[in-house]
2 protein chains.
Amino acid sequence: MNFTLDQLRAFLEVARTGGVRKAADRLNITQPAVTARIKTLEDTLGAALFDRSSGMALTKRGDALLGYAEHYLELGSLIERDVAGPEGFTRLFRMGVSETIAQSWLPEFVQALRAAYPNLTVEIDVDISRALRERLFENKIDLALLMGPLSDYRVENVALPTFDLRWFRAAGATHASPAEGASVITFARDTRPFRTLKEELLARYGPDIALFPSSSLSACFRMVAADLGVGALPQALAEPYLSRNEIEEFDPGWRPEALTFSASYLTGPGATLGQAAASLALKTAEDFHK
Amino acid sequence: MNFTLDQLRAFLEVARTGGVRKAADRLNITQPAVTARIKTLEDTLGAALFDRSSGMALTKRGDALLGYAEHYLELGSLIERDVAGPEGFTRLFRMGVSETIAQSWLPEFVQALRAAYPNLTVEIDVDISRALRERLFENKIDLALLMGPLSDYRVENVALPTFDLRWFRAAGATHASPAEGASVITFARDTRPFRTLKEELLARYGPDIALFPSSSLSACFRMVAADLGVGALPQALAEPYLSRNEIEEFDPGWRPEALTFSASYLTGPGATLGQAAASLALKTAEDFHK
DNA sequence: AGAGGTTACGGGCAGCGTAAGGATC
DNA sequence: GATCCTTACGCTGCCCGTAACCTCT
């Protein structure tokens, strides 16, 4: 009579999602592996846990196991929280990061994370915030560093320092300005800053302003330097271009509102590491912003 | 972060007994295996659990783990009790049996046990009750079928049918009787029946009665049949010798008191199987005694 | 035919026992 | 030197992923 935590996790995930395939996705293992775990668990317990005839429905015994299994995993995360040391976290930690952060203090953060948890395998996924949100809810990433807090009861948000947006243009292009019809280069379509900026520009200058969204922030800066338009971009990332004299800041009389970021993770058992990493991200970001 | 129930069991046993060696004894594995389990557990938790400098004392973290580990094992036995089926008991079940029972309904009991729990590996150890008692407290056997209830708060006793003792002599040896100085053949030295019988004989017939203790009950019967003395032996085991006309019963005017047996097991988590087996033993014994 | 679950199979790794090696009293 | 605990090592058995198979719609 010896079952493992992995088996119980697989059991719970199948019971919750109602399918072996979905459970396998969430557990990051192959689908036959989930089948095998369930089968082994059923063998060691000597009882059928699922009724396969109508699509993996819980049997009576499976239902009885449900509560115990949850209790088990809770205990596991309590141990993780109260007795495990930093070196105990030997596993994959998947982060989703929006590009603004990836371009600023992400390296320092990863370094700090690896120093604090030396056995952690860190996997980084740079994408737009909307995609990160989805991936977080799908449990495909453990921590998301993205724009704005996520308002969902399942999510814990740690507010990060904001990024001020400033106007930039190619160095010496003294007349370029949105007021004079210059194109505006900014974030990828489908992001919140893009939409608010678009509305703001429409309200201030009418419908003729062209917006060039780019999925790469550094591409934005390079396009600004090449005088393809002016940019409303994070001040914190402009320094290298400014010091190389490729771009210059200017003031058209207003600024887009600052970008708010948060470190967000799903709550519930197993969130210990997400919580710790979010705090560390906040600390790193504060150091970075002086 | 993946620890095993086996690791927690080893941890608990070392913490309780204060030694790796003793823990290994109780867990029925070698001592290096215990070391390895503890080490692996410490590695996966990334924290030292024992302070080796002064003989395996718990560290602060080890102490914190203690309560959680106990809770874990409790949950494990709850699952065993509530969701596992009979086929789930795939393990070694060690029984200690006193010879009287081994000679009577033990085969039927083992058969019934194996039918109820087909995956059980049953190990049988026939010895005198005093030795069985020790082995039970050392956790070297899971169930003891022995004489009399064990009065200890750790032990649960299920009363079994008693065995009446009768007097037997060789068939046709009409004059053999303890009153006429015949030797008395009975149980092994160091058993309770031996002592009470000895006192009784001393009180009734004086110090001249020779007592021949034998460690084998069937040897007792054969010695009686060979007219080496008379026997005070369990009636229930006499039938084959009576029907083959090798021995006969006689009445010297009194009988030793009946033997009381019990199925005894240690209480606590993990006693599910002991409890079930004890009930089954009672049922089998009652059937045997008609 | 396609989606979802199980079975077959080969490779890697973990955990056991035996045997040898410290450390501490 | 005796008593514990740990390390070394070969072996077995488990569990994963790949790939083929089954079954129901």
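What you see is a predicted model, and the numbers here were worked out from it, not measured in a lab. Residue numbers begin at 1 in each chain, while the letters A, B, ... track the order of the sequences.
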Rounded to whole angstrom units, what separation is found between the [atom1] atom of [X] and the [atom2] atom of [N]?
{"X": "A:L41", "N": "D:dC15", "atom1": "CG", "atom2": "C1'", "value": "15 Å"}
{"X": "B:F50", "N": "D:dT6", "atom1": "CZ", "atom2": "P", "value": "10 Å"}
{"X": "B:N28", "N": "C:dG17", "atom1": "CG", "atom2": "C1'", "value": "14 Å"}
{"X": "A:D6", "N": "D:dC14", "atom1": "CG", "atom2": "P", "value": "17 Å"}
{"X": "B:D51", "N": "D:dC5", "atom1": "CG", "atom2": "P", "value": "13 Å"}
{"X": "A:R52", "N": "D:dC24", "atom1": "CZ", "atom2": "P", "value": "15 Å"}
{"X": "A:L27", "N": "D:dC15", "atom1": "CG", "atom2": "C1'", "value": "15 Å"}
{"X": "B:F11", "N": "D:dC5", "atom1": "CZ", "atom2": "C1'", "value": "17 Å"}

Exercise. Would you please name every residue forming a side chain to side chain contact (heavy atoms under 4.5 Å, CB included) with B:A271, sequence neighbours left out?
Key: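 Testing B:A271 for side chain to side chain contact (heavy atoms under 4.5 Å, CB included), a comparison that skips the adjacent residues, returns B:Y265.
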Of all the choices, [options], which nucleotide is nearest to the side chain of [X] once you look at every atom?
{"X": "A:P32", "options": "D:dA19, D:dT7, D:dG17", "result": "D:dA19"}
{"X": "A:Q7", "options": "D:dC5, D:dC15, C:dG4", "result": "D:dC15"}
{"X": "B:T35", "options": "C:dT7, D:dC15, D:dC5", "result": "D:dC5"}

Ion pair [X]/[Y], N-O distance below 4.0 Å:
{"X": "A:D127", "Y": "A:R135", "result": "no"}
{"X": "B:D63", "Y": "B:K60", "result": "no"}
{"X": "B:D25", "Y": "B:K22", "result": "no"}

Quiz item: Does one side chain, of B:S214 or B:S216, offer a donor that lies under 3.5 Å from an acceptor on the other?
Solution: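 Short answer, no.
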Quiz item: So, B:D51 and B:S53: side-chain donor and acceptor under 3.5 Å apart, yes or no?
Solution: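 B:D51 vs B:S53: donor-acceptor pair found between side chains.
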Quiz prompt | N/O (side chain, A:R37) to phosphate O (OP1/OP2, D:dC15) under 4.0 Å | solution =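 For A:R37, the contact criterion (side-chain N or O under 4.0 Å from OP1 or OP2 of D:dC15) is not met.
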Quiz item: Listed by chain and number, what are the ring-ring contact (aromatic ring centres under 6.0 Å, His included) partners of A:F11, not counting sequence neighbours?
Solution: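 Partners of A:F11 under the ring-ring contact (aromatic ring centres under 6.0 Å, His included) test: A:F50.
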Quiz item: In terms of the nearest nucleotide of DNA chain C, which residue is placed more toward the 5' end: B:T40 or A:M56?
Solution: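 Its nucleotide being nearer the 5' end, the pick is A:M56.
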Quiz prompt | Close residues, residues 13-25 of chain B, relative to DNA chain C [heavy-atom separation under 4.0 Å] | solution =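 Going residue by residue through residues 13-25 of chain B, none turns out to have a heavy atom under 4.0 Å of DNA chain C.
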